Amino acid sequence: MVHSLSLQDFLLRARVLKLYRQALRIARRAPDHAQDEVRQTIRQEIEKNRYCDDKQRIRFLLSEGLERVKDLDEMLDMQGH
């Protein structure tokens, strides 16, 4: 069964995947002992909302996720990672 997405759905999905990849790239900079936990947390957050189909909620989660990724990136910068 092929599930066709509307253009808006496709673009939202692309933004979610971009955020996920960005978060995983930043997680690689975490200290070795914490990398697995950070990756696991990122995956859990994505999976928790995997079946959400409310576009407004998805946009909210994207903005929240972007903020959290930015905070993680800044924290790792301050720690010199």
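The structure presented is a predicted model; accordingly, all values stated were derived computationally and were not measured.
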Handout entry: ILVMFWY network linking Leu11 to Ile46, side-chain heavy atoms under 4.5 angstrom
Key = no
Handout entry: Pairwise distance CD(Gln44) to CG(Asn49) - rounded to 0.5 angstrom
Key = 12.0 Å
Handout entry: Point-to-point distance, once rounded to the nearest 0.5 Å, from CZ of Arg21 to CD1 of Ile26
Key = 13.0 Å
Handout entry: Minimum heavy-atom distance between Leu76 and Pro31, given as atom pair plus value
Key = CD2-CD, 4.3 Å
Practice task
Run the numbers on Ile42 and Val38 for side-chain contact (heavy atoms from CB on, under 4.5 Å), then give the verdict.
Solution key: CA-CA 6 Å; Ile42 292 166; Val38 173; 3.9 Å; yes
Problem - Set of side-chain hydrogen bond (donor to acceptor under 3.5 Å, both in side chains) partners for Arg50, sequence neighbours left out - result: Glu47
Practice task
Enumerate the residue pairs fulfilling salt bridge (Lys or Arg N to Asp or Glu O under 4.0 Å) with a member in residues 33-42, sequence neighbours excluded, ordered by first and then second residue.
Solution key: Asp36-Arg39
Can you give each donor-acceptor pair under 3.5 Å made by side-chain atoms of residues 64-74, sequence neighbours left out, with the distance rounded to 0.1 Å?
| unit_1 | atom_1 | unit_2 | atom_2 | d |
| --- | --- | --- | --- | --- |
| Asp73 | OD1 | Arg29 | NH1 | 2.3 |
| Asp73 | OD1 | Arg29 | NH2 | 3.3 |

Exercise for the section: If a pair satisfies side chain to side chain donor-acceptor pair (under 3.5 Å) and one of its residues is in residues 51-63, list it, with sequence neighbours excluded. Expected result: Asp9-Lys55
